[in-house]
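So the structure is just underneath, and the comments pick up after that.
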There are 2 protein chains.
Amino acid sequence: MSHVPEQRDQSDPSLRLLWRHRTGAREEPKAKRGPKQKVSVDEIVDAAIDLADAEGLAAVTMRAIAQRFGLGAMTLYSYVPNRDALLVLMADQVTGRTELPDLPEDPRKRLELVANLQHDELRAHPWLLEVQDVRPWLGPNMSDRYEWQLRAVDGLGLTDLEMDQTVAVLVGFAGNIARSELMKRRAEQVTGMTESQWWAANYETLNEVMEGSDYPLAARVGTAAGEAYQAATDPARELDYGLARIIDGVLAHVGR
Amino acid sequence: MSHVPEQRDQSDPSLRLLWRHRTGAREEPKAKRGPKQKVSVDEIVDAAIDLADAEGLAAVTMRAIAQRFGLGAMTLYSYVPNRDALLVLMADQVTGRTELPDLPEDPRKRLELVANLQHDELRAHPWLLEVQDVRPWLGPNMSDRYEWQLRAVDGLGLTDLEMDQTVAVLVGFAGNIARSELMKRRAEQVTGMTESQWWAANYETLNEVMEGSDYPLAARVGTAAGEAYQAATDPARELDYGLARIIDGVLAHVGR
DNA sequence: AAAGAATTTCGTACGCCGTACGGAACAAAT
DNA sequence: ATTTGTTCCGTACGGCGTACGAAATTCTTT
């Protein structure tokens, strides 16, 4: 008999897992053998998201998740190929939780909405910032998101390439704001002091150690920025300035 | 005898380590006891940087670094309090390696320079992106950098607060570009296929799995972007578009 | 010169992590 | 009734950061 050379399936196994819910109409529940599965992939992913929200991504260990269901650690591997795949599933699943509102008419408002939605989401689930480092994965909910983002920049007069890049700039900026907020929170948590307390505690040491160097602008601007950030009751609006400049630039580019 | 209540030193121990080289003129070499140290903090940090450059931040383990000097793993802890502190030292030390060029007259060129310098550095040392997550630390070289960045946006007519935010936007954008480039490289390394090979290998699966959903814009824009990124011989210039928009916005804001 | 004190070196060990492996329990197909 | 493919999961391996304490080394003090 002739033997077809095995044509190994090069396709990524995570893909089918990501799209498990809306894979083409013909689902085949096809009764499987072995013990009934005690939980579902969705439950596992949800539990992992809960854990990450509550205690950070580092707390999302296979053992910790399994324990939530009274399962052995290795049992998870019959639901998910490995931890990284789980992180991707978490990212897509949590992305699906925020619904995508209708886009306003006003172009500026549209672009603001794209950035703000991303920012709010990242504030609610800061661990997404760390997962992003794994892969820009294309799950169903992330695909929906991307399509929605493109709709927001559609019709402005941008080229296809510019549309993609504009979305990237907006989303990336929102991510940077979220990241800086996260770092601040983490710093306070690790040191056990607020930012101003830290500065007070290290004032002498800093003076002593920086003797010889001088930073006229940094000193002036730094304290100004410090006070402003501290005074701001709503730090979420830290992104207003940068966002305004970016949108100005984009709208000017397309001649509005 | 009266007893002063111990007034524990709340100052961060890493600070003195960071500024070890330019701490106030009065250095006290003050002969210490015990065996001579076989290496220096700088050598350790440099070795760690080499490792990170060559094999990524994950390869920077205490054991691996120690081995480079023929030392026991625990020996490093007499030079550096812990791994996180070492990462901060690495970040500051590598920041000191790129010299800060004179700033051009033209405001636009100044802002471009800030972003490009950051981008080039992150391309050369991608692990900096992961270290940033640890802390926005203020070492000597990072302070120099910040001061230089502020000089670049000084005199444009921005408020102090806006100066800080403008620098943050530029530097953050450069970081995002670097991050996306890094993810692309990593994806190719992990899958063992180029990006177009991956799309080819998963074409069928994607079609099958996305049956039912449709992404008109994403399909059009995605392929356009994909081809463009692939065609670009110099992907480093991926940042041109976003950078131009951001700078447009900033310069418009100050009325130039 | 001898004793004491402070430091560096580093072997061992602990508690984590992801996960490879293989056996047992189970349910469907034969 | 037997085979076959799954699920569940205990055990174990290698790797990580690092706490601890002993040994070695060097300066300070007697």
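Naming convention: chains lettered A, B, ... in sequence-line order (proteins, then strands); numbering from 1 in each chain.
- V80(A) comes within 4.0 angstrom of no nucleic acid atom, judged by non-hydrogen atoms across all strands.
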May I have the step-by-step check of side chain to side chain contact (heavy atoms under 4.5 Å, CB included) for I49(B) and W127(B), ending in yes or no? CA-CA 9 Å; I49(B) 291 172; W127(B) 49 269; 3.9 Å; yes
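- Counting to the nearest Å, the P atom of dC8(D) and the CG atom of L76(A) are 10 Å from each other.
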Could you go through nucleotides 28-30 of chain D and list every protein N or O atom that sits under 3.5 Å from one of its N or O atoms, giving the distance for each pair?
unit_1: dT28(D); atom_1: O4'; unit_2: R33(B); atom_2: NH2; d: 3.3

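- Close to dA24(D), at under 4.0 Å from its OP1 or OP2, lies no side-chain N or O of K38(B).
- When the P atom of dC16(D) is taken as reference, atom OH of Y77(B) falls 11 Å away, rounded to whole Å.
- With rounding to whole Å, K32(A) atom NZ is found 8 Å from dT6(D) atom P.
- Computed from coordinates, the R83(B) CZ to dG15(D) P distance equals 16 Å when rounded to whole Å.
- For the residue pair R179(B) / Q132(A), no side-chain donor-acceptor distance below 3.5 Å is found, with atom types taken as modelled.
- Note: CE (M74(B)) to P (dC16(D)) measures 14 Å, nearest angstrom.
- Using a 4.0 Å cut-off between a side-chain N of Lys or Arg and a carboxylate O of Asp or Glu, R20(A) and D92(A) do not qualify as a salt bridge.
- Using a 4.5 Å cut-off on side-chain heavy atoms (C-beta onward), S213(A) and R22(B) make contact.
- Along DNA chain D, the nucleotide closest to T61(B) and the one closest to G34(B) are compared, and the more 5′ of them pairs with T61(B).
- Heavy atoms of Y79(B) sit under 4.0 angstrom from primed sugar atoms or phosphate atoms, though from no base atom.
- Remark: the T98(B) side chain and the E121(B) side chain contain an N/O donor-acceptor pair separated by less than 3.5 Å.
- The backbone N or O of T95(A) sits nowhere less than 3.5 Å from a side-chain atom of N141(A) that would complete a donor-acceptor pair.
- Closest heavy-atom contact between A73(B) and A66(B): CA-CB, 3.7 Å.
- Contact footprint of chain A on DNA chain C: nucleotides with an atom under 4.0 Å from a non-hydrogen protein atom, first to last in 5' to 3' order, dC17(C) to dA29(C).
- Taking for each of P35(B) and R63(B) the nucleotide of DNA chain C with the nearest heavy atom, the 5'-most of the two is the partner of P35(B).
- Using a 3.5 Å distance cut-off with no hydrogens or angles, the side chains of H119(B) and E181(B) do pair a donor with an acceptor.
- Phosphate proximity of dC8(D) to K36(A): absent, as no side-chain N or O sits under 4.0 Å from OP1 or OP2.
- Two residues are said to be in side-chain contact when any heavy atoms from C-beta on lie closer than 4.5 Å; N82(B) and M62(B) fail this criterion.
- When the side-chain nitrogen and oxygen atoms of S78(A) are compared with OP1 and OP2 of dC8(D), one or more of them lie within a distance under 4.0 Å.
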